[in-house]
Amino acid sequence: MSEPLVTRVAPSPTGDPHVGTAYMALFCFALSRTTGGRFILRIEDTDRTRYQADSESQITESLHWLGLDYDEGPDVGGPNGPYRQSERTEIYREHVQRLLDSEKAYRCFCTSERLTEMRHAQRARKAPPGYDGLCRGLLPEDIEAKVADATPYVVRLKVPKDRTIGFIDELRGKVEIHGKEIDDQVLMKSDGFPTYHLANVVDDHLMEVNEVVRAEEWITSTPKHVILYEAFGWDLPRFRHMPLLRNKDRSKISKRKNPTSLLWYKANGYLPEALVNFLALMGYSGADGEEMFSREQMLADFDTKRMSTSGPVFDLEKLGWLNGEYIRADSEDDLARRLLAHWAYRTSTGHEPDPAVDGALYDWITRNGGFESDSVETLIRATMPLVQTRIKTLEEYAPLTRCFFLDDIRGYGPEDLVPKKRELDATKDVLRIMRTKLAGLEHWTTSSVEEALRALVDELGWKPRELFQAARVAITGSKVSPPLFESMELIGPATCLERIDQALDL
RNA sequence: GCCCCUAUCGUCCAGCCUGGUCUAGGACAUCGGCCUUUCAAGCCGAAAACACGGGUUCAAAUCCCGUUGGGGGUACCA
């Protein structure tokens with residue numbers, strides 16, 4: 001086992017919490033946990049223009065939801081805080097000054113207009129784009145003068161253009177890029193905020209991060225960071241660039257082509273265990289080829305040798321299957337409680353029930369005392385055996401079980417009620433006989449109902465599927481439903497008979 | 001364009017480091033069958049891949065080179 005690894009996940013609060021953040025967090029978590037190190041959450045909120053106020057709490061909430069608990073972070077504290085970059089501006093300012101003093105960086109007074117113009121010109125003559133270094137050679141007195149009259153400026157990194165800068169990527173091996181390919185990166189913007197490159201390096205060092213885990217898209221900027229570490233005289237951390245999650249067309253995963261918000265997965269009834277498991281499967285393989293494993297099982301035999309480098313396509317279909325597996329693996333009690341908690345969460349986040357989908361369920365819960373009510377839990381619990389193998393997400397429960405919660409199931413037509421090659425009148429005759437028979441039942445249980453209906457099959461000469469279709473539609477309102485006899489027991493004799501009467505009125 | 005990363009079934013992973021055991025294994029999805037009151041679940045089965053070209057070697061999915069494809073980067077975004 002290696003030294004204790006200190007890792008960090010460093011999302012920007014610029015929108016919904018991203019599935020890529022969870023992906024990085026998972027591997028940071030595994031790396032630090034299995035080496036006895038620490039895992040840090042740092043909020044990189046240096047881009048004031050894209051900042052969104054509620055984003056940070058959504059990130060922390062989502063990470064906790066997934067069980068990817070960090071040891072240090074803005075909401076849990078830690079020895080090397082603050083963990084929000086916007087609260088560390090003074091630290092960056094000092095470090096920039098150090099770079100300026102040691103001439104590893106320089107002030108650049110170029111306006112954005114000039115830079116745009118410069119790029120146009122470069123493109124026009126097919127030259128590689130990049131800062132042309134105009135301010136790199138500014139005389140000290142010129143700089144002083146401009147500073148004195150408050151000309152806005154940025155601070156740029158003085159990149160050595162005469163040598164190769166390299167680093168060892170833990171996943172990919174040696175990576176080298178020549179200095180002339182590297183732009184004189186802006187380290188501090190004219191608004192006084194640092195850019196990612198500066199803040200990231202300074203914070204990683206100050207927070208004692210010794211293994212930088214991040215997405216592949218950062219590989220080409222890593223040499224800039226190497227230069228910074230060298231300029232400060234700091235030891236290099238290890239770098240591990242994870243593959244990028246991809247859309248179906250293999251481009252970097254984006255919200256236009258995939259649900260990327262962790263909030264979306266929660267709202268749509270995915271289980272955190274399933275999401276984490278699925279993310280782990282992206283670029284990682286279990287020890288024995290096992291596909292279903294918990295966080296704990298993953299940690300138990302975690303091995304960086306089984307991490308791969310090529311960008312996996314994010315396949316919602318497979319996530320759905322895994323989610324179904326987890327739903328089926330749950331105990332019926334746990335699943336019932338999960339559902340209730342899910343609907344309570346949905347309600348608390350302003351979910352508007354759809355009458356055609358889940359309106360009946362929410363109405364019924366409200367009428368019966370709400371999410372906390374025992375009678376609600378009891379009935380939900382009673383439906384578990386009927387639905388557990390039939391839903392892949394928590395959200396699929398409501399549309400599947402409308403017949404239990406709806407007052408009036410009418411809305412189907414004869415084309416549903418009447419089996420192929422049978423007539424409406426004949427079907428009604430059958431239903432009438434069925435009604436009489438059911439009404440005479442002494443006990444109303446799954447088996448007594450089944451016995452009665454099966455006897456009818458023999459008596460009337462209808463095929464089982466024909467007779468059960470008519471009964472199913474009459475009682476549940478749909479040709480597709482949970483198992484008929486169990487459903488009838490739950491719905492109860494009074495309602496069942498009433499619904500048969502309604503079918504007879506068709 | 002330039003730089004960097006990458007390449008096994010449609011998709012996710014094994015196998016590659018340490019060449020032979022690979023007529024390439026598992027999973028999702030697909031298709032077929034069984035079970036069956038619908039739909040699922042479950043069980044059984046089928047189809048489906050080593051990007052291409054050169055080397056090295058008795059032997060290459062595995063090692064080397066090149067090509068091609070895919071991705072990323074090339075901002076006072078992260």
Side-chain angles (χ1 to χ4, degrees), chain A residues 10-14 44-47 49-50 108 110-112 115-116 119 123 126-131 152-156 169 171-172 175-178 180-183 185-197 199-200 214-223 241 243-244 246 248-252 278 281-286 288-292 305-306 308-322 324-325 328 386-392 396 400 450 453-454 457 463-473 476 478-485:
Chain A
S12 295
T14 52
E44 306 222 328
D45 54 350
T46 54
D47 185 349
T49 55
R50 292 199 302 160
C108 170
C110 294
T111 60
S112 50
L115 294 176
T116 309
R119 278 188 205 102
R123 192 174 327 214
K126 296 200 162 120
Y131 183 61
Y153 65 87
V154 301
V155 176
R156 286 181 187 274
D169 185 280
L171 238 32
R172 301 155 205 269
V175 177
E176 285 185 319
I177 296 178
H178 195 96
K180 68 187 176 203
E181 309 290 347
I182 305 170
D183 206 3
Q185 194 62 50
V186 171
L187 300 176
M188 180 164 279
K189 308 175 221 176
S190 53
D191 64 3
F193 274 75
T195 59
Y196 170 85
H197 305 285
N200 189 265
R214 68 210 335 179
E216 194 183 355
E217 56 189 334
W218 294 107
I219 290 182
T220 44
S221 36
T222 302
H241 291 95
L244 228 27
R246 313 281 190 92
K248 223 172 198 70
D249 64 7
R250 299 205 170 271
S251 54
K252 166 163 91 167
F278 176 69
L281 254 18
M282 305 272 90
Y284 182 74
S285 51
D288 45 7
E290 191 52 60
E291 303 226 83
M292 216 177 145
K305 285 217 171 53
R306 291 199 303 273
S308 56
T309 50
S310 58
V313 172
F314 191 90
D315 182 9
L316 213 47
E317 196 93 49
K318 186 151 185 174
L319 205 212
W321 163 76
L322 239 197
E325 290 285 308
R328 273 169 255 134
L386 317 204
V387 302
Q388 194 160 15
T389 61
R390 293 180 168 76
I391 57 175
K392 291 202 299 291
E396 287 174 0
L400 182 66
E450 175 165 9
L453 295 194
R454 287 206 189 275
V457 166
K463 288 184 182 131
R465 60 183 306 137
E466 293 176 321
L467 186 124
F468 295 141
Q469 178 186 334
R472 182 185 308 282
V473 172
T476 71
S478 167
K479 279 159 80 172
V480 177
S481 81
L484 181 58
F485 316 124

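Hydrogens, waters and symmetry mates play no part in the numbers below; they use all other heavy atoms, side chains included. Order of the sequence lines sets the chain letters (A, B, ...), proteins ahead of strands, with each chain counted from 1. These numbers were taken from a predicted model, which means no experiment stands behind them.
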Worksheet entry | Residue closer to the 5' end of RNA chain B, A/Lys479 versus A/Thr46 (nearest nucleotide) | A/Lys479
Worksheet, complete the sentence: Comparing nearest nucleotides in RNA chain B, the 5'-proximal residue of the pair A/Met188, A/Val480 is A/Val480
Worksheet item: Side chains of A/Ser481 and A/Arg472: do they bring a donor and an acceptor to under 3.5 Å?
Response: yes
Just compare [options] and give me whichever is closest to any side-chain atom of [X].
X: A/Glu317; options: B/rC76, B/rA29, B/rU37; value: B/rA29
X: A/Pro128; options: B/rC77, B/rU37, B/rG1; value: B/rG1
X: A/Asp47; options: B/rU37, B/rA78, B/rC3; value: B/rA78
X: A/Thr309; options: B/rC77, B/rU38, B/rU6; value: B/rU6
X: A/Pro312; options: B/rG70, B/rG42, B/rC13; value: B/rC13
X: A/Trp321; options: B/rA41, B/rA27, B/rC12; value: B/rA27
X: A/Leu281; options: B/rC12, B/rC77, B/rC76; value: B/rC12
X: A/Glu291; options: B/rG73, B/rC4, B/rA27; value: B/rA27
X: A/Glu217; options: B/rU37, B/rG73, B/rG71; value: B/rG73
X: A/Val154; options: B/rC76, B/rA41, B/rC5; value: B/rC76

Worksheet item: Any idea how A/Phe314 and A/Phe278 line up, ring-wise: parallel (<30°), tilted (30 to 60°), or perpendicular (>60°)?
Response: perpendicular
Considering Watson-Crick and G-U wobble pairs with both distances under 3.5 Å, what does [N] pair with?
N: B/rA29; value: none
N: B/rA40; value: none
N: B/rU74; value: B/rG1

Given atom [atom1] of [X] and atom [atom2] of [N], what is their separation to the nearest angstrom?
X: A/Phe278; N: B/rA29; atom1: CZ; atom2: P; answer: 12 Å
X: A/Leu187; N: B/rA78; atom1: CG; atom2: P; answer: 12 Å
X: A/Asp288; N: B/rG25; atom1: CG; atom2: P; answer: 19 Å
X: A/Asp315; N: B/rC9; atom1: CG; atom2: P; answer: 15 Å
X: A/Ile219; N: B/rC2; atom1: CD1; atom2: C1'; answer: 17 Å
X: A/Gln388; N: B/rC39; atom1: CD; atom2: C1'; answer: 16 Å
X: A/Tyr131; N: B/rA75; atom1: OH; atom2: P; answer: 14 Å
X: A/His241; N: B/rC5; atom1: NE2; atom2: P; answer: 12 Å

Across the strands shown, which category fits [X] at heavy-atom distances under 4.0 angstrom: base, sugar-phosphate, nothing?
X: A/Glu176; answer: sugar-phosphate
X: A/Arg50; answer: base
X: A/Glu325; answer: sugar-phosphate
X: A/Gly286; answer: nothing
X: A/Lys252; answer: sugar-phosphate
X: A/Phe485; answer: base
X: A/Ser481; answer: base
X: A/Arg454; answer: base
X: A/Pro243; answer: nothing
X: A/Arg156; answer: sugar-phosphate

Is any side-chain N or O of [X] under 3.5 Å from a base N or O of [N], one able to act as donor and the other as acceptor?
X: A/Thr389; N: B/rA40; result: yes
X: A/Lys318; N: B/rA27; result: yes
X: A/Arg172; N: B/rC5; result: no
X: A/Thr195; N: B/rC76; result: no

Fill in: P spacing across the pair B/rC9 / B/rA24, given as an integer number of angstrom
14 Å
Fill in: Interatomic distance at P, B/rA51 relative to B/rC2, whole Å
25 Å
Worksheet item: So, does A/Asp169 use its side chain to make a donor-acceptor pair with the main chain of A/His241 at under 3.5 Å?
Response: yes
Discussion item. I'd like to know if the side chain of A/Glu396 reaches the main chain of A/Lys392, judged simply by a donor and an acceptor atom lying under 3.5 Å from each other, with no hydrogens or angles considered.
Written reply: yes
